[in-house]
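For reference, the structure is listed below as structure tokens.
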Amino acid sequence: MNEVRVRIAPSPSGFLHIGTARSALFNWLYARRHGGKFLLRIEDTDTERSSKEMIDVIFESLKWLGLDWDEEPVYQSQRIDLYREHVDRLLESGRAYPCWCKPEVLKAKQQEAMKSKQNPRYDRTCYNLPEDEKKKLIDSGEKYATRLFIDDGATTFDDLVVGTVTKEHKELDDFIIARSDGRAVYNMAVVVDDHDMRISHVIRGNDHVSNTFKQILIYKALDIEPPKFAHIPLILGKDRSKMSKRDGAAGVTDYGRMGYLKEAVVNFIALLGWSPGDDREVMTIDEIIESFSLERISTANAIFDTEKLRWMNGEYIRACDNHKLVDLIRPFMVESGLVTQLWINSRWDWMMRYVSIFKERCQLLPEFAEQGRFFFADRIEFDHKGVEKHFNKEGVPALLGKWIDVLGGMEDFTVEKLEGALRGLAETLEVKPAALIHPTRLALSGETKGPPLFDMMELLGPEKCLERLKRAREFIKNSGERA
RNA sequence: GUCCCCAUCGUCUAGCCCGGUCUAGGACACUGCCCUUUCACGGCGGCGACAGGGGUUCGAAUCCCCUUGGGGACGCCA
């Protein structure tokens, strides 16, 4: 079997679309699975719309996902001449011919055809021109587009995912392979590149099958062997049409910014249209590589379900080790304004404990900042319902007073000691531990929910705990007097 | 409009190629109970699908046809 060489060929539009990312992933997986090469080709022939920055975004996105490529990227903008040579070859062999038709005229004919419910096809006006007239036009230097001559018949290919697909040539056109300025058109360039790069398998979105027929026709005209094709189902947005910016995030880096882990994103998109064949879902990249195969790619399009991505992200957060997690949440902590980069660096151990008490209730990285806000706030607001439930009850201030006394005399402010102290106090006062726990939680965090109380207290430290408890006691007394 | 492709729970999917083991399995979401100081995590349950109609067959989610529904492509864009 020949070497597996696959590629991803994004056009630099300023971001790497999630659909392109998945195509890249499937190509990469295929290459890694079969010990082949994963290549990168930048389709930047549209020079006005592409720039260095946009290309860098593609590199960054691919790197972020962990999809490393094996050879120097190929830039289409640098291969214009190569394409032209092939167009000329086609022209010389008579497989393609010049067309001097004006775009306006073409458009008019198209409209007319549509009106009479005909499939709009080029009528070969220029192909049928008398030889001497063609010669005159060429000699005059009049600009012309180049069309591929399509004869009768049909084109069929065996897609590795979809199966056998056929297109009658009468549905096709003598389509243009080079513009009147001489530059080759997309389908032409792709064929030349894929052949030149010795691509063995073209794995791409299902929206390309119509291009595939055209490309195969070009391969034939050029007398070269086409690669194998595998068209993967599309990723649809909530509205069931091709995913776009309106569906939240279009670029993969957006997901990073929103607080998704790359492992989760990769795992999730791998499962869109592919499955290992058993019940595994949360899988390491090595496991995915090992079980990956084109045969197991489904034929039906898939809707991008953000809910499930969030769940999976939570799974990855929980499985993530604390040190790495601190590193990951750092930008979000800083962005929230809670702490500085420096602060985190100097209190790394504390941060490790911090993430450990929040990791099982966060699905997205920014939630570490949101949920733990009270740790850093100078003054906390008490949740209204919580005040009703836990503060405005007989004897709460007195209870808190006793608790404050106990805490004030504590030497080791540890989870075990704290728990022992609280339960001990509850017993002597003949109340349920919960009667102390709930008001304390509210006093310390302003919330009725959150991490285990004693973990919170230990992390918060004695000064803050005491201070907040006292403030809560005052708060209750004051609101009681007002009432 | 023309052509191509697709069709299992709301969503992602297993099963389909090689019909019986499918009273259709898993996951997300929703939901009940348990664990528990709250929330969450976790555990155990529940809800929930073979688009419809014809064939073929002793037997069809699985094979064939039609209908319906969905998506995509129809540029001198990529």
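Lettering of chains follows the sequences in order, A, B, ..., and the numbering in each one begins at 1. Computed from heavy atoms alone, side chains included, the values below leave out hydrogens, waters and symmetry copies.
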*asked:* Is the phosphate of B:rA78 approached by A:Ser13 (side-chain N or O, under 4.0 Å from OP1 or OP2)?
replied: no

In B/S/- notation (B base, S sugar-phosphate only, - none; protein heavy atoms under 4.0 Å), nucleotides 45-50 of chain B written 5' to 3' is ------

Per-pair distances, 0.1 Å, donor-acceptor, side chain in residues 184-193 of chain A, under 3.5 Å, sequence neighbours excluded:
unit_1   : atom_1 : unit_2   : atom_2 : d
A:Asn187 : OD1    : A:Gln215 : NE2    : 2.8
A:Asn187 : ND2    : A:Asn211 : OD1    : 3.3
A:Asp193 : OD1    : A:Arg79  : NH1    : 2.2
A:Asp193 : OD1    : A:Tyr83  : OH     : 3.0
A:Asp193 : OD2    : A:Gln76  : NE2    : 2.8
A:Asp193 : OD2    : A:Tyr83  : OH     : 2.6

Mark yes or no for whether A:Arg121, through its side chain, and A:Lys170, through its backbone, hold a donor-acceptor pair below 3.5 Å. yes

Remember a base hit wins even if backbone is also touched, and classify A:Pro451 as base, sugar-phosphate or nothing at under 4.0 Å, heavy atoms.
base

Check this for me: does any side-chain nitrogen of one of A:Glu315 and A:Arg318 sit under 4.0 Å from a carboxylate oxygen of the other?
yes

- At under 4.0 Å between heavy atoms, what does A:Arg296 touch on the DNA or RNA strands: base, sugar-phosphate, or nothing? sugar-phosphate

Q. Salt-bridged, A:Glu43 to A:Arg204, with N to O below 4.0 Å?
A. no

inquiry  = Considering every strand and a 4.0 Å limit on heavy-atom distances, what is the contact class for A:Leu453: base, sugar-phosphate, or nothing?
reply    = base

| said: side-chain contact (heavy atoms from CB on, under 4.5 Å), that's the test. Do A:Tyr144 and A:Tyr97 meet it? Break it down for me. | reply: CA-CA 9 Å; A:Tyr144 60 85; A:Tyr97 62 92; over 6 Å; no

Would you mind classifying the nucleic acid contact of A:Gly273 as base, sugar-phosphate or nothing, using non-hydrogen atoms under 4.0 angstrom?
sugar-phosphate

Mind checking if A:Thr448 touches a base, just sugar-phosphate, or nothing, with heavy atoms under 4.0 Å?
base

Exercise for the section: Quote, to the nearest angstrom, the C1' distance that separates B:rU62 from B:rG20. Expected result: 11 Å

As its Watson-Crick or G-U partner within any shown strand, both distances under 3.5 Å, B:rG20 has B:rC58

- Between A:Phe292 and A:Phe26, what is the ring plane arrangement, given parallel below 30°, perpendicular above 60°, and tilted in between? tilted

> Within 45 degrees of the axis of the six-membered ring of A:Tyr255 and under 6.0 Å from its centre: does A:Lys262 put its NZ or CZ there?
Replying inline: no

Enumerate, atom names and distances included, each donor-acceptor pair closer than 3.5 Å involving a side-chain atom of residues 146-159 of chain A, sequence neighbours excluded.
unit_1   : atom_1 : unit_2   : atom_2 : d
A:Arg147 : NH1    : A:Asp174 : O      : 2.8
A:Thr155 : OG1    : A:His169 : NE2    : 2.6
A:Thr156 : OG1    : A:Thr166 : OG1    : 3.0
A:Asp158 : OD1    : A:Thr164 : OG1    : 2.6
A:Asp159 : OD1    : A:Val161 : N      : 2.7
A:Asp159 : OD1    : A:Val162 : N      : 2.9
A:Asp159 : OD1    : A:His231 : N      : 3.1
A:Asp159 : OD2    : A:His231 : N      : 3.1
A:Asp159 : OD2    : A:His231 : ND1    : 2.5

| request: For the pair A:Ile269 and A:Phe304, evaluate side-chain contact (heavy atoms from CB on, under 4.5 Å) and give the outcome as yes or no after the intermediate values. | output: CA-CA 9 Å; A:Ile269 62 179; A:Phe304 193 93; 4.2 Å; yes

Under a 4.0 Å heavy-atom cutoff, the residues of residues 169-180 of chain A touching RNA chain B are A:Glu171, A:Ile176, A:Arg179, A:Ser180

Tell me what A:Pro233 touches on the nucleic acid: a base, only sugar-phosphate, or nothing, going by heavy atoms under 4.0 Å. nothing

(message) Is the phosphate of B:rA78 approached by A:Thr45 (side-chain N or O, under 4.0 Å from OP1 or OP2)?
(response) yes

Whether each nucleotide of nucleotides 18-36 of chain B has a protein heavy atom under 4.0 Å at its base (B), only at its sugar-phosphate (S) or at neither (-) is summarised, 5' to 3', as --------BBSS-------

>> Work out how far the P atom of B:rC3 is from that of B:rG75, and round it to whole angstrom.
In response: 16 Å

**Message:** Less than 4.0 angstrom between a side-chain N/O of A:Arg318 and OP1 or OP2 of B:rG42, yes or no?
**Reply:** yes

For B:rC77, the nucleotide meeting Watson-Crick or G-U wobble distances (both under 3.5 Å) is none

Note: contacts of residues 429-444 of chain A with RNA chain B (heavy atom, under 4.0 Å) are A:Ile437, A:His438, A:Arg441

Taking every heavy atom of A:Lys449 against every heavy atom of A:Arg441, the minimum-distance pair comes out as N-CD, 3.9 Å

- Message: Need one value for A:Phe213: base, sugar-phosphate or nothing, where a base atom within 4.0 Å counts as base even if backbone is also close, heavy atoms only.
- Response: nothing

Closest heavy-atom pair, A:Phe268 versus A:Asp305, reported as atoms and distance to 0.1 Å, is CZ-O, 3.4 Å

Can you check the distance between B:rU23 and B:rC64, where both ends of the measurement are the C1' atom (answer in whole Å)? 27 Å

Between A:Ser275 and A:Lys449, the residue closer to the 5' end of RNA chain B by nearest nucleotide is A:Ser275

Rounded to whole Å, CG of A:Asn206 lies from P of B:rC6 at a distance of 8 Å

Regarding A:Gly277, tell me which of base, sugar-phosphate or nothing describes its non-hydrogen contacts under 4.0 Å with the strands shown. sugar-phosphate

From CG of A:Leu16 across to P of B:rA78 the rounded distance in Å is 19 Å

As its Watson-Crick or G-U partner within any shown strand, both distances under 3.5 Å, B:rA51 has B:rU67

pair_partner(B:rG42), Watson-Crick or wobble, both distances < 3.5 Å, evaluates to B:rC34

Discussion item. Give me the distance, rounded to whole Å, that separates B:rC58 from B:rU67 when you measure between the C1' atoms they each carry.
Written reply: 29 Å

In short, A:Ile317 meets A:Cys362 closest at the heavy-atom pair CD1-O, 3.8 Å

Original post:
A:Phe375 vs A:Phe358 aromatic rings, parallel, tilted or perpendicular, using cut-offs 30° and 60°?
Top reply: perpendicular

For B:rU11, the nucleotide meeting Watson-Crick or G-U wobble distances (both under 3.5 Å) is B:rA27

4.5 Å side-chain heavy-atom contact, A:Arg473 and A:Pro397: yes

Q) A:Arg361 side chain N/O closer than 4.0 Å to the phosphate oxygens (OP1, OP2) of B:rU38? A) no

Other residues, nucleotides and ligands only: do more than 12 of their heavy atoms fall within 6.0 Å of NZ on A:Lys228? no

If we count only N and O atoms by modelled type, under 3.5 Å, do the side chains of A:Asn322 and A:Ser356 hold a donor and an acceptor together? no

